[in-house]
Amino acid sequence: MLMQDKFGYVTGVANHRSIAWSIARALDREGCRLALGYLGEREKQEIDKLVVDLKQTPLLVSCDVTKDESVQEAFAVLGREFGRLDCVVHAIAFARREDLDGRYTDTSRDGYHLALDVSAFSLNCLARGAEPLMGAGGGIVALTYLGSERAMANYNVMGVAKAALESGIRYLASELGPKAIRVNGLSAGPLRTLAARGIKDFSAMHKMHAARSALKRNTEMEEVADTALFLCSHLSRGITGEVIYVDGGYRIMGM
Ligand code: NAP
């Protein structure tokens, strides 16, 4: 029970395939009292069906990270209901389909702003909201991908957003470190989720990952969830500002 008597906010649960859902289950398994973030009524209905599998009924807290009032309201609810937070999981990303399918060179100004706003600036919003509730310190974990440092086919503006997210992780970690708030990234190998469906030729990417990774297989959801749990828990108390790769050793391989 690594997270007994701890309070966590997990964003980005869209359905049972979401990485955030696996992380929520791992935190719940270890005794964490959870709040789950959702975007709209459709997502809330989806989450309502899922939560029956958790040990403790979570609080459902709506949050649209593109709207300051929505983020403020979410953290006001968390403050009222929990009074504190020990961990926050950022598992949010969005880019327009045309900005993923086409050439990065042709990304529109609007598409660029939208992708960076939802996928990178949103971490600032969550960290700022969580800071006053993390008086006893805490762990913030953001999901990222290798497309931040390599030009991956069809990842385009999302790669640029992930680069901004990872840089943001380091700045937030340096500023919040004196308050014992740790901020880390978890870079996962390709996983079949709703967001992944938006990436053209994702299946080919998935196949190539298994063939080229050191472990010669694909990344599993539970491996990502357990690492997120580790980064949220006191077991990782000496780690901040890092990006941890849960990719079966794909990144370390040469050609
Ligand atoms: P997912 O289930 O589709 O989750 C993405 C989430 O982002 C959804 O819950 C989505 O909500 C939410 N979101 C989008 N716009 C939002 C907004 N304005 N406010 C609040 N939430 C918003 O896909 P996933 O693959 O688990 O993605 C989770 C994270 O893991 C993302 O950061 C992704 O880049 C990262 N990641 C994924 C992979 C992979 O291969 N799947 C690999 C590495 C990293 P709605 O569905 O309601 O729009």
Side-chain angles (χ1 to χ4, degrees), residues 9-25 36-47 50 60-71 73-74 88-97 100 113-126 129 141-150 152 154-166 168-169 185-210 213 218-221 223-225 227-228 243-248 250-251:
Y9 184 40
V10 178
T11 64
V13 179
N15 57 34
H16 72 284
R17 290 182 196 278
S18 296
I19 298 174
W21 175 239
S22 292
I23 296 172
R25 279 195 313 193
L36 302 180
Y38 68 91
L39 193 50
E41 268 316 297
R42 190 176 48 82
E43 291 77 25
K44 182 168 183 288
Q45 286 170 17
E46 196 67 38
I47 297 178
L50 293 177
L60 301 189
V61 181
S62 124
C63 182
D64 179 347
V65 291
T66 61
K67 299 193 170 76
D68 286 339
E69 326 77 72
S70 174
V71 178
E73 178 56 23
V88 170
V89 175
H90 175 286
I92 293 170
F94 182 78
R96 286 197 192 122
R97 188 90 193 214
L100 294 173
H113 285 170
L114 180 65
L116 273 280
D117 189 18
V118 177
S119 317
F121 181 68
S122 53
L123 182 64
N124 288 53
C125 301
L126 297 189
V141 181
L143 273 296
T144 185
Y145 179 62
L146 185 60
S148 62
E149 55 180 82
R150 294 195 198 162
M152 309 292 262
N154 305 315
Y155 206 62
N156 300 0
V157 70
M158 188 52 74
V160 177
K162 291 301 191 193
L165 178 77
E166 292 177 15
I169 285 168
L186 191 172
S187 186
L191 293 155
R192 292 187 190 282
T193 65
L194 199 61
R197 269 209 260 150
I199 297 164
K200 195 169 130 202
D201 297 332
F202 178 81
S203 287
M205 188 188 207
H206 198 245
K207 240 185 185 163
M208 186 181 74
H209 191 95
S213 68
N218 277 116
T219 303
E220 290 173 8
M221 258 317 167
E223 298 167 341
V224 174
T227 305
V243 175
I244 310 279
Y245 290 82
V246 184
D247 65 352
Y250 182 86
R251 177 169 167 269

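Treat the numbers as computed from the prediction; the structure is a model and nothing was measured. Both ligands and their constituent atoms are indexed starting at 1 by order of listing.
Contacts of Thr11 with ligand 1, taken as heavy-atom pairs under 4.0 Å, are absent altogether. Contacts with ligand 1 closer than 4.0 Å are made by side-chain heavy atoms of Thr193 only, the backbone lying farther away. Contact annotation for Asn15 and ligand 1: no heavy atom of the residue comes within less than 4.0 Å of the ligand.
Panel note: side chain Glu43, backbone Gly40; a donor-acceptor pair is recorded below 3.5 Å. When atom types are taken as modelled, the side chain of Asp64 and the backbone of Ser70 share no donor-acceptor pair closer than 3.5 angstrom. No donor-acceptor pair closer than 3.5 Å links the side chain of His209 to the backbone N or O of Gly248. Formation of a donor-acceptor pair under 3.5 Å by the Ser187 side chain with backbone atoms of Ile244 is not found in this model. Although no hydrogens or angles enter the test, the distance criterion places a donor-acceptor pair under 3.5 Å between the side chain of Ser119 and the main chain of Phe94. Distance alone, capped at 3.5 Å, is enough to place a donor-acceptor pair between the Asn15 side chain and the Ser18 backbone.
Every atom of ligand 1 with a heavy atom of Ala188 under 4.0 Å away is listed here by number and element: 42 (C), 43 (C). In summary, the atoms of ligand 1 found under 4.0 Å from a heavy atom of Val118, numbered by their order in the structure, are 15 (N), 16 (C). Each of the atoms 25 (O), 26 (O), 30 (O), 36 (N), 37 (C), 38 (C) of ligand 1 lies under 4.0 Å from some heavy atom of Ile19. Atom numbering of ligand 1 starts at 1 in the shown order; those under 4.0 Å from a heavy atom of Pro190 are 40 (O). If you number the atoms of ligand 1 from 1 as listed, the ones under 4.0 Å from a heavy atom of Asp64 come out as 17 (C), 18 (N), 19 (N). The Ala14 neighbourhood of ligand 1 comprises atoms 2 (O), 8 (C), 9 (O), 46 (O), with distances under 4.0 Å to a heavy atom of that residue. Here is the list of ligand 1 atoms found below 4.0 Å of a heavy atom in Gly189: 40 (O), 42 (C). Against a heavy-atom cut-off of under 4.0 Å, Gly12 is close to the following atoms of ligand 1: 4 (O), 6 (C), 8 (C), 9 (O).
Comparing Cys63, Ala91, Ser187 against atom 6 (C) of ligand 1, the shortest heavy-atom distance belongs to Ala91.
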Checklist line | Step-by-step side-chain contact (heavy atoms from CB on, under 4.5 Å) determination, Leu146 to Tyr245 | finding: CA-CA 9 Å; Leu146 185 60; Tyr245 290 82; 4.2 Å; yes
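Under the 4.0 angstrom criterion, atom 10 (C) of ligand 1 counts as lacking any protein heavy-atom contact.
Inter-residue side-chain proximity for Ser62 and Leu60 is flagged as unmet; no heavy-atom pair is nearer than 4.5 Å.
Considering only non-hydrogen protein atoms, atom 41 (N) of ligand 1 sits nearest to Leu191 O, 3.0 Å. Shortest contact from atom 23 (O) of ligand 1 to any protein heavy atom: Ala195 CB, 3.1 Å.
Glu149 and Arg251 make their closest contact through OE2-NE, 3.3 Å (heavy atoms, listed as atom of the first residue, atom of the second, distance). Nearest heavy atoms, Arg192 versus Ser203: NH1-OG, 3.4 Å.
Distances from ligand 1 to the non-hydrogen atoms of Lys162 include at least one value under 4.0 Å.
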